[in-house]
There are 2 protein chains.
Amino acid sequence: MSQCAVVQAIANCGPISRASVAKITGRSKQTVSEIVANLESTGWIQAVGHTEGHIGRRAIVYEISPSAAYVASVDLGGARVRVTLCDLTGTVLTELVEPTNPNGGMAIVDQIARMVRSITALAGKPYDDLHIAVVGVPGVPDPETGAIMMSPNICNIDRIDLAGNLRRQLDVNVIVENDVNLAARGEHWLGNHGEQDDIVYLSVGTGIGAGIVVGGQLLRGRNGAAGEVGFLPFGADPFDPSSLKTGALEQVAATNAIIRQYLARTGVRKTVSEIFDAAETGESNALETLDSVARQIARATVAIIAIIDPSAVVIGGSIGQRTELLDRITHQASKCFPRKIRIEKTRLGAHAAIAGGVVTALHQLHVSLFAAGQSTTEIIIPPSEIENFVAGAA
Amino acid sequence: MSQCAVVQAIANCGPISRASVAKITGRSKQTVSEIVANLESTGWIQAVGHTEGHIGRRAIVYEISPSAAYVASVDLGGARVRVTLCDLTGTVLTELVEPTNPNGGMAIVDQIARMVRSITALAGKPYDDLHIAVVGVPGVPDPETGAIMMSPNICNIDRIDLAGNLRRQLDVNVIVENDVNLAARGEHWLGNHGEQDDIVYLSVGTGIGAGIVVGGQLLRGRNGAAGEVGFLPFGADPFDPSSLKTGALEQVAATNAIIRQYLARTGVRKTVSEIFDAAETGESNALETLDSVARQIARATVAIIAIIDPSAVVIGGSIGQRTELLDRITHQASKCFPRKIRIEKTRLGAHAAIAGGVVTALHQLHVSLFAAGQSTTEIIIPPSEIENFVAGAA
DNA sequence: AGTTAGTTCGTCAAGTTACCGAACTAACTG
DNA sequence: CAGTTAGTTCGGTAACTTGACGAACTAACT
């Protein structure tokens, strides 16, 4: 079907006439006319006016009808649950944030379901127009069982079928994906990278992990464990048995590492943000701690670049995106790799995973609606306005 | 066109009837009949007999006509040039090996062209039936200029357009690709891995490098430098400026590293194979040298697994495939990664790149013949007999 | 051995789908 | 008015499907 191509042309090129769509897609004018008529009658696109001032007959221009359907993107964190409702253009309509229910397990399912239902009500949209929900989780979803493995901060989430239960409660399609993977997709979508660029999102927070987008697709790996950079074999001694529990790199390049290193140097236990504050005042122990951690993260970045050779490595996460650390990482990394390397700060901050959820949802929606039965179709969702996502950051 | 699907079904499922092809491809019987008639008349497939003993009418079975076209796979090494001629089923017909012309540059082009022409003569095949040649080179082909960058062992190869010149001399399509990348494709094709399995081929010889197959496709990276594991930031001090010339890992995990380490321990300069021999006699210095090198290669393997999470890492290269080293690598790697990991010895040995060239050539041939103009078509070349490749190893 | 039922192969004819090309009408600029 | 562009109508085609049917075979029964 050319339907898919037509939808994409309209989505990408904003308000556009049928004649132009025909040129872009390479189909004939009346093939396009037929499809457009069809799409308009089913409500997916709408006419929004005329061209004017050009020579020749005025053209009717069409655009994706934003309110034809909605998608929900959920970021389930250890501390907070964030839910956003977006329209078909990827514009955020409403956002809702709550503390994560500490009971875990089914309580989480109930919480997410309630939040998704109430956000559609808040936005004043009929619930039936919600077509899909994507949930980012801090762990590895098991595609067989739907359980979330390796998620220490949320209890009992590895004992239930999150996707299945949510699907039942919400009565819409549900996709569950690792939050760092979603963040990588989000940055790839909105972070000023080409559609074909390979990018890696490196998240540094309580742990360290990477999401990898190659050829527009997430690299998942055999066990869904691609990007587990915490187990890179340097930092702490990788051959020490203790490195089998907490990875060798993770021991020296995450929240706990900063706290512990500062403690070792000074005998004083401070929180991460206190240590950052101390560094800003020029305290040498704090500065040395940050230097040391940045050095290890820089090595991780170089390891990723040596193996993947991406267009850019985007660094995010609660501590990774702090400029003081980022500058040090960039500086150190450039010292141990022969070519120029591109390390960037996340442009989406805490909303990277949410944005990734939105693009995943929209992609899935387009596939199911317009490419049913087609084997391999490249579907590109045009980037939304980045401000939609960043502005909402609380 | 369904033509592509029909060809694949016949290629994959050996001698097969039209009715079975219809079932496999999901097309109707006479669509298949038409296409088969067409393919038979153009010579790409041939009838080879009847089914028998089954209930019902006998079926005429067809197979790919092996001699409809041929492809050449060339492995250009620093010391040797290896050329093989294969038929459409991926069976090696003839192999030719020569020392690499030491003059480099255009002399290499002339040498390869001469060898390719003479091998078709040797095999007694009309030159016009040769459709494509794939050349594996120890360096990074620049897709713009056709020059081969970073190829220290072959002189002046970075100053000429290898692909273009060969295409002109041979008058067939020519693809030039990095040899480790081809080896990765070869192992992926013949090494008992699933079509969708991600595998990494790690070559350890004069240098260390990896070829990465993800989702059936080579991972190339922004600069074509994916898999440059020599620059992984451990082994030697990665922040030392000397690690910008020879990568930190490459300094301790390749031919020279073995020689130098043994020299440092004993004061004696031996070749790599002499050191392996010494290790076999139980000489402790040699054993310790191998242990130390294996330890670093194991770290490289773990780094790859942590980032890519492939189904398997296949180790090859002149020293990587030596069992003494491989056993040590496997053992050390398992000690610093929490999950079970699959490290395998190359099954193709020196013929991995050749096999990769063959599958690349056959793939390209199928695309150009049967999928012309189609956007994205998965084309799977059924594995050939691995013996065809390994047996020829000299 | 002969008959009959059941199965599968391959073909024929008619219909469907998704597209295209060319001619045509509509609406605008200058 | 001519010139230009937008959209429609009409007819046509390539690729595929569906369903009916004869040919060729096996198996089982008489």
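In what follows, every chain begins at residue 1, and chains take the letters A, B, ... in the order their sequences are listed.
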Annotated protein contacts, base or backbone, on nucleotides 20-30 of chain C with a non-hydrogen cut-off under 4.0 Å, one of B, S, - each: BB----BBBS-
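With sequence neighbours excluded, the residues satisfying side-chain hydrogen bond (donor to acceptor under 3.5 Å, both in side chains) with B:Asn181 are B:Glu177. Residues meeting the side-chain hydrogen bond (donor to acceptor under 3.5 Å, both in side chains) test with A:Thr94, sequence neighbours left out: none. Among residues two or more places apart in sequence or in another chain, the side-chain hydrogen bond (donor to acceptor under 3.5 Å, both in side chains) test is passed with B:Thr25 by none. With sequence neighbours excluded, the residues satisfying side-chain contact (heavy atoms from CB on, under 4.5 Å) with B:Arg58 are B:His50, B:Thr51, B:Glu52.
In this structure, B:Ile60 places its CD1 atom 16 Å from P of D:dA23, rounding to the nearest Å. Residue A:Ile35 contributes atom CD1, which lies 16 Å from atom C1' of D:dT8 at whole-angstrom precision. B:Gln3 has its CD atom 15 Å from the P atom of D:dA14, to the nearest Å.
B:Ser368 places a side-chain N or O within donor-acceptor distance of the main-chain N or O of B:Gln364, the cut-off being under 3.5 Å.
Of the candidate nucleotides D:dA6, D:dG7, C:dC9, D:dA6 has the atom nearest to the side chain of A:Lys23.
Taking each heavy atom of B:Gly357 and B:Ser73 in turn, the nearest pair found is CA-OG, 3.4 Å. Between A:Ala133 and A:Leu170, the shortest heavy-atom contact is CB-CD1, 4.4 Å.
Residue A:Ser17 is in sugar-phosphate contact alone, with no base atom involved, counting any heavy-atom pair closer than 4.0 Å across all strands shown.
Crowding of A:Asn38 atom CG: a count of heavy atoms from other residues, nucleotides or ligands under 6.0 Å exceeding 12.
Using five terminal pairs a side, the axes of the helix from C:dA1-D:dT30 to C:dG30-D:dC1 at its two ends make an angle of 0°, given in steps of 10 degrees.
Within the structure, a side-chain polar atom (N or O) of B:Ser33 is placed less than 4.0 Å from OP1 or OP2 of C:dT11.
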